[in-house]
Amino acid sequence: MLSFLLRAFFLACFVTNITLATQVINIGNGAEPRDLDPQTVTGVPEHHILLNIFEPLVGKDPKTLEPIPAVAESWKLSKDGKVYTFKLRTNAKWSNGQPVTAQDFIYAWTRLLTPATGAEYAYQGYYIKNGKDFYSGKIKDRSQIGLKAPDPYTLEVTLENPTPFFLSLLYHHSLYPVHEATVQKHGQRWTRPENIVTNGAFTVDKWEMNKIIRLKKNPHYWDKDKVALTEVNFYPTENLDTEEKMFRSKELHVTNEIPLEKIPSWQKDKTGVYQQYPYLGVYYYWINVTKPPLNNKLLRKALALALDRERIIKFVTRKGEMPAAAFTPPGTAGYFAKPRLPTDGREIARAKELLAQAGYPDGKGLAPIEILYNTHAGHKKIAEAIQQMWKQNLNVQVRLFNQEWKVYLDSQRTKNYQIARAGWIGDYNDPNTFLDLFLTGGGNNNAGWSNKTYDDLIAQAAKELNPKKRLEIFQQAEDILLDELPVIPIYIYTRAYLKDTSVMGWHPNIEDIHPLKFVSLSPKS
Amino acid sequence: MAPVFLVVVTVVFFMIRFAPGGPFDSEKQVPPQILENLNAKYHLNEPLWKQYWRYLVALSHLDLGPSFKHANRTVNEIIAEAFPVSLELGLLSLAWALIIGITAGGLAALKPNSLLDYVPMSFSIFGICLPTFVIGPLLVLVFGLWLEWFPVAGWTHWQHRLLPSLTLGFAYAAYISRLTRGGLIEISHQDFIRTARAKGLSEPKILVKHALRGGMLPVVSFLGPALAGIISGALVTETIFNIPGLGRFFIQSALNRDYTVVMGTALLYFSLIFVCNFLVDIVYVILDPRVRYE
């Protein structure tokens, strides 16, 4: 009798498990998010969550990344390209049932431009008229910022310059709306699960630090009938080996990354689980041009030409990355920078000549050069390969230094380095996010490089209405960059991760954006 | 204790601030106005001695301050969430360590220099030599991926507790087994054990009823620092199994330069070590009648 009951009990559990094959997805998300405040956070793990709990004015098609209606149903652009008029849908609601209005966006964007908020991405608001001046305090009256709401469901945005990528920019989390009353009431604690109010396809149900962030379908979301998933669980997965094991034991549907050593074996996978796609980012080395000997342009060019990028990708990184022949990733908003750097070893002879012209024939008289990278097995391997290439091809000695992340950032900021490893992911799909890195005095210009013609070209591109002409201006700027070489581009990023075959609606794209509104789980057989 | 506590507070406070890099450094440069605002909000622009004094005053109210990295939580909240997890992991691991260790050591002490001795002791050598980041993934591979008996990571259901506590406990079990064996063998040469044998009691009964109490003394001395060590040093196990414990927070916050979390955790660990050692002294008195008479 007992054994019968036991068997019946286990069978019941088993059956319930099968019939409850629910739309609950488990996703590995990398580092524990710092916060869920759209205006103050900066990281990719945070963005993965924010894009699902908040909804921007304009969304992105999950396949093509083209702008699609989100909170805004439709929009018009003025002839001079500076004024957008957005018509908001009238049935968009916050998770507490209140309607989403134009004022919510004005509040959020003004908040972004208020220094007291502590928004590191405040400069995303500079594209709006008087945004920069309000932020710096030149203008004290917030109504002077180019944002108007003639009625609750119309938002008029006046820009400083025609900004062709503005619709793409709206997808950045710093421009998501927030619920003013909630923020005012709870202050810094407004993002806690018991307080937070969101307008996206999902709401925050649970947030246990370092353990889980659980989202549940938002019952007030205007498009909730299209949302298949009922629950989303984001797991912090800093340890890549653990994450891979979690995937193999079916505890995760999608991972954030893959340990480097496991990539070759996963690349042989025939089940369609291994994903590898180009990503909107570039891996490169900064060169500190403020100190000799690297203030010598010929020396920098010799170093850049003496690298066999294809070898590095084939034998060191092995993720099918694209070797970088320019700085901006090809295909960024239709821009294909002309290749100015060799992708393989064909220019080594010329590199040797340039080295001699620089005053160091066959490496003689050149003190060892130092490469700095943040402690990480992958960066170390790449640096070692480059060290070997420069030694072999140019007879230039190289010393490698690794520093912990914060120290490494500090060293770059204080220009206490010669060559430093870096990576830059685009904030939006446009060459501007890559090329404005190098403006004179730019906050992220770690090379200390300055070129007036370059600055002028970038400023000119910001005002250019004709898309074709604009890309030509960028090409001119890029040519200057690749001639002076304050950076040595190495490869264009790829994203490599694992995705279970039951996950539908998760499309690869260059920005690696996968809004869960369009995702569902196919029932397992 | 209070003066030592104060020294620890002071040393940690100043040491973390001497490391280059601050809590608000990031790859995409923070605009200077923002940095000023953030520093002002958290009083990081005040002279160091003033910040130190401010911290001490708050500490006297048991307020460990806000987290610099996680704006919607205080350090007290973070520790309140993470510490019970580490505590549970630590106690479970210790339980495993004691069960496995004492049994193995006891068996070995029953028949020294026989197979009953060599087999458990060889296992214990493995436990001492293999680090947790080898044992952990091995257990995960066998019991998680091949046999699929237990989940691979996480801390939600009771099944999640088993592999991590075994991993962490195994290393300590090894030490405890050797200490138990040594302690029991030493005790078994005492007069009162010979008396028991003369009275005709069986070896196992002698071991459990008479020898164990005295033979446990070396284990008890080991336990104090071990318990503190298990709770604070579980970092590797927490990382392998994705457990939201205090060890992981400690390291993350140090790397993030989240000064307040680092300080709060360091002070907690210090208090823990102190309490554990104190408890051990008490247990010692209970176990060993000889100590009492002194």
Side-chain angles (χ1 to χ4, degrees), chain A residues 31-37 40 42-43 115-123 135-137 186 188-192 195 207-212 235-239 241-243 245-246 248-251 403-414 422-424 427 442-446, chain B residues 19-38 40-41 66-74 77-78 81-82 85 133 136-137 140-141 144-145 148 150-156 236 238-246 248-249 251-252 254-258:
Chain A
E32 169 72 15
R34 203 178 103 195
D35 198 349
L36 288 178
D37 184 332
T40 62
T42 58
T117 309
E120 293 179 38
Y121 265 122
Y123 61 84
Y135 182 73
S136 64
H186 299 286
Q188 276 198 298
R189 295 169 77 81
W190 78 269
T191 54
R192 295 175 69 88
N195 299 332
W207 182 2
E208 288 171 22
M209 278 192 88
N210 263 353
K211 195 168 165 188
I212 190 175
Y235 291 97
T237 51
E238 278 158 324
N239 185 327
D241 290 300
T242 304
E243 186 186 45
K245 292 200 189 75
M246 282 170 80
R248 278 157 64 189
S249 75
K250 304 267 184 243
E251 291 170 44
Q403 288 177 347
E404 182 248 316
W405 178 246
K406 292 273 183 173
V407 184
Y408 148 87
L409 288 178
D410 197 62
S411 300
Q412 286 179 68
R413 209 121 298 145
T414 53
W424 188 260
D427 287 326
N444 291 298
N445 182 347
N446 290 334
Chain B
F24 306 115
D25 286 347
S26 62
E27 184 158 34
K28 304 206 170 176
Q29 163 106 35
V30 183
Q33 283 126 312
I34 295 289
L35 206 51
E36 260 174 58
N37 270 309
L38 288 170
K41 185 196 265 186
S67 160
F68 291 159
K69 206 68 189 174
H70 301 277
N72 62 357
R73 280 166 211 269
T74 61
E77 282 168 343
I78 293 179
E81 253 190 77
V85 174
F133 59 83
V140 163
L141 191 65
L145 292 175
E148 290 183 23
F150 296 106
V152 151
W155 193 253
T156 348
V236 177
E238 287 175 13
T239 310
I240 296 172
F241 291 95
N242 236 17
I243 297 173
L246 205 50
R248 261 172 89 194
F249 266 113
I251 300 297
Q252 274 172 10
L255 294 175
N256 285 330
R257 304 290 190 275
D258 198 345

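Each chain gets a letter, A, B and so on, in the order the sequences are listed, and its residues count up from 1.
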Chemist: Between A/Glu251, A/Glu238, A/Gln403, A/Lys245, which residue shows the highest count of heavy-atom pairs closer than 4.5 Å to chain B?
Modeler: A/Glu251
Chemist: Please identify, among A/Tyr135, A/Tyr235, A/Tyr123, A/Tyr121, the residue contributing the most non-hydrogen atom pairs under 4.5 Å to chain B.
Modeler: A/Tyr135
Chemist: Given a strict heavy-atom distance threshold of 4.5 Å, which part of B/Glu238 is in contact with chain A: side chain, backbone, both, or neither?
Modeler: neither
Chemist: Assess whether side-chain contact (heavy atoms from CB on, under 4.5 Å) is satisfied between B/Val140 and A/Met246, documenting all intermediate values.
Modeler: CA-CA 10 Å; B/Val140 163; A/Met246 282 170 80; over 6 Å; no
Chemist: Please walk me through it: do B/Lys41 and B/Phe68 pass side-chain contact (heavy atoms from CB on, under 4.5 Å)?
Modeler: CA-CA 10 Å; B/Lys41 185 196 265 186; B/Phe68 291 159; over 6 Å; no
Chemist: With sequence neighbours left out, write down each residue that passes side chain to side chain contact (heavy atoms under 4.5 Å, CB included) with B/Glu148, or none if nothing qualifies.
Modeler: none
Chemist: Any donor and acceptor pair, going by atom type alone, linking the side chain of A/Thr242 with main-chain N or O of B/Phe241 inside 3.5 Å?
Modeler: no
Chemist: Against chain A, work out which of B/Gly144, B/Pro151, B/Ala40 has the most heavy-atom pairs shorter than 4.5 Å and name it.
Modeler: B/Pro151
Chemist: Between A/His186 and A/Arg192, does the side-chain contact (heavy atoms from CB on, under 4.5 Å) criterion hold? Intermediate values first, please.
Modeler: CA-CA 9 Å; A/His186 299 286; A/Arg192 295 175 69 88; over 6 Å; no
Chemist: Evaluate the side-chain contact (heavy atoms from CB on, under 4.5 Å) criterion for residues B/Phe249 and B/Glu81: first the C-alpha distance (whole Å), next the side-chain angles of each, then the deciding distance (0.1 Å), finally the verdict.
Modeler: CA-CA 11 Å; B/Phe249 266 113; B/Glu81 253 190 77; over 6 Å; no
Chemist: Any chance the side chains of B/Ser67 and B/Asp258 put a donor and an acceptor closer than 3.5 Å?
Modeler: yes
Chemist: A/Glu208 versus chain B, heavy atoms under 4.5 Å apart: side chain, backbone, both or neither?
Modeler: both
Chemist: If I measure from the heavy atoms of chain A, does B/Pro66 come under 4.5 Å with its side chain, its backbone, both, or neither?
Modeler: neither
Chemist: What residue in A/Arg34, A/Glu120, A/Lys211 has the most heavy-atom pairs under 4.5 Å with chain B?
Modeler: A/Arg34
Chemist: Can you say whether A/Thr191 sits under 4.5 Å from chain B via the side chain, the backbone, both, or neither, judging by heavy atoms?
Modeler: both
Chemist: Are the side chain of A/Asn210 and the backbone of A/Glu32 linked by a donor-acceptor contact shorter than 3.5 Å?
Modeler: no
Chemist: Count the heavy-atom pairs under 4.5 Å between each of B/Ile240, B/Thr156, B/Ile243, B/Ile78 and chain A, then report the option with the highest count.
Modeler: B/Ile240
Chemist: Checking heavy atoms, do the side chain of B/Leu255, its backbone, both or neither come under 4.5 Å from chain A?
Modeler: both
Chemist: Counting only heavy atoms closer than 4.5 Å, note whether A/Ser136 contacts chain B via side chain, backbone, both or neither.
Modeler: both
